[in-house]
Amino acid sequence: MTIFLYDTYTRSLREFEPIEPGEVGMYTCGPTVYDYAHIGNLRTYIFEDILRRTLELDGLRVRHVMNITDVGHLVSDADTGEDRMEKGSRRTGMSAWQIAELYTNEFVADLRRLNILEPTVWCKATDHIQEQIDFIACIEARGFTYRTPDGIYFDTSKMNDYGYLARLDVEGLQAGVRIEMGEKRHPTDFALWKFSPPDSKRQMEWDSPWGVGFPGWHIECSAMSAKYLGPFFDIHCGGEDHIGVHHSNEIAQTEACYGTRLANFWMHGYFLQIDEARMGKSAGNFLRVQTLMERGYDPLAWRYFCLNANYRTKLNFSWEGVDGAATSLDRLRTAVYEWGEPGIASDEYVEKFREAVNDDLNMPRALAVTWELVKSDQEPAVKKATILVFDRVLGLRLGEWQPPEEVIPAEIMEIVEQRQLARKEKRWQDADSLRNLVTESGFEIEDTPKGPRVKRKKQIIPQ
Ligand code: AMP
Ligand code: ZN
């Protein structure tokens, strides 16, 4: 079946064909580990996970590479200000290396909570300093760099189509020069290597042919993607904010060194917003998966929430929305559980589902097909087998879910036993009043052939 994906580079929906038949190389920009990931960041990782799972459902083998930015990402994307890691270190009182480890572990834990598949290769910027130095040397040898008192910069004026991905108006920017320039020659130039400040010692710094310092933020992705996927591979993804600076610069670096376009497809996830503004780590409006869990939500309710919208639209956060997603997920899981053992999947429904996901990951449509299946008159065993196929993309752990075991207080169980005794002795009035006692305490008794089953009554919680 054909897969269509929206490619930001050409601004069009294109049929996806892997460069190597059957294999897909996919690179996703990973987190800057100076703080926890927020649910907006995680919306982007969920989109990328859906992409990978869709390709895998089509029988493709995906080699998925994700970096961890643990050095070089400055407070401003325009290469000014402090390194985010060093700033995080001051904020927490831990070393830059310690916070990198702490927030990397927290990030991996978040991925697991959201059932996001781990990449085939994890790569840390600080483990690839030599590769980055070699890459900068390559760009330098091709004549695209210059030196300033604070670092080695990429000269974007030497590249004909610099900024094409973002359709940047380079000349307009040049004329306006609103950007903090420092010693840069052009507003779009960016740092490849920054020198350590002469008056202070950085926690993270290395020797290089140009002087002691650290790599710029963009070079790690060009260097590590080339190492693990080659200089031209299938799909590169990230959040929409990367189009204008980070990905434009990655493309420039790789084109300068290898003369290739870096990736065949460029895909971007759109922002999660809160009160119509971007959710950001520095904006102080950020919610974590942990925050949702503290409010009693299953993390997968967040995944379900994200699946309700297309990845190419901005999505507004609301607690009502999360609540709705949690309820839908609960209903879906309960239905799937009650279907029992799987039989043989319905080709017709699998086909419909694949059509939806292969149409540029149309998850709202894929969810509609899912609910259509739930409500259909297919046999439960067929439904079960079919939904397990869907769940290879949905990733909602539908096959594993079991209703939680309820803990019924001992006093209630005591009354239930007394009622059983009364029934045995045909003291019907006693039995009835004992049942009423249980009901009044917020529980209900269901008499089954195996004996009474006691459940907590569902409560409508006022908003
Ligand atoms: P960072 O850790 O800041 O480098 O961001 C990690 C990923 O999350 C990147 O792909 C960003 O583009 C993406 N991202 C940042 N903010 C948001 C947001 N509010 N909604 C969706 N994705 C975001
Ligand atoms: Zn990147």
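By convention here, the first residue in the shown sequence is residue 1. Counting convention: from 1, in listed order, for ligands and their atoms alike.
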Under 6.0 Å from the CZ atom of Arg61, do we count more than 12 heavy atoms belonging to anything else shown? no
Does any N, O or S atom of Cys29, backbone or side chain, fall under 2.8 Å from the Zn ion (ligand 2)? yes
I need the OE2(Glu250)-the Zn ion (ligand 2)-NE2(His246) angle, rounded to 10 degrees. 80°
Heavy-atom closest pair (Arg52 atom, Glu118 atom, distance to 0.1 Å) is NH1-O, 2.9 Å
Output block, N or O contacts of ligand 1, threshold 3.5 Å exclusive:
unit_1	atom_1	unit_2	atom_2	d
ligand 1	2 (O)	Thr32	N	3.0
ligand 1	2 (O)	Lys281	NZ	2.9
ligand 1	4 (O)	Thr32	OG1	3.1
ligand 1	5 (O)	Asn41	ND2	3.4
ligand 1	8 (O)	Asn41	ND2	3.0
ligand 1	10 (O)	Gly239	N	3.1
ligand 1	12 (O)	Gly239	N	3.2
ligand 1	12 (O)	Asp241	OD1	2.4
ligand 1	14 (N)	Asn41	ND2	3.4
ligand 1	16 (N)	Arg278	NH2	3.2
ligand 1	19 (N)	Leu272	O	3.2
ligand 1	19 (N)	Met279	O	2.8
ligand 1	20 (N)	Gly40	O	3.4
ligand 1	20 (N)	Leu272	N	2.9
ligand 1	22 (N)	Gly40	O	3.1
ligand 1	22 (N)	Thr44	OG1	2.7

Cation-pi check for Tyr228 against Arg63: NZ or CZ below 6.0 Å from the six-membered ring centre and within 45 degrees of the axis, yes or no? no
Under 6.0 Å between the ring centres of His236 and Tyr9? no
So for atom CZ, which belongs to Arg397, do other residues, nucleotides or ligands contribute more than 12 heavy atoms lying within a distance under 6.0 Å? yes
When you measure from the centre of the six-membered ring of Phe214, is the NZ or CZ of Arg202 under 6.0 Å away and within 45° of the axis? yes
Check whether any N, O or S atom of Cys221 sits under 2.8 Å from the Zn ion (ligand 2). yes
Should we count CD of Glu23 as having more than 12 external heavy atoms under 6.0 Å? yes
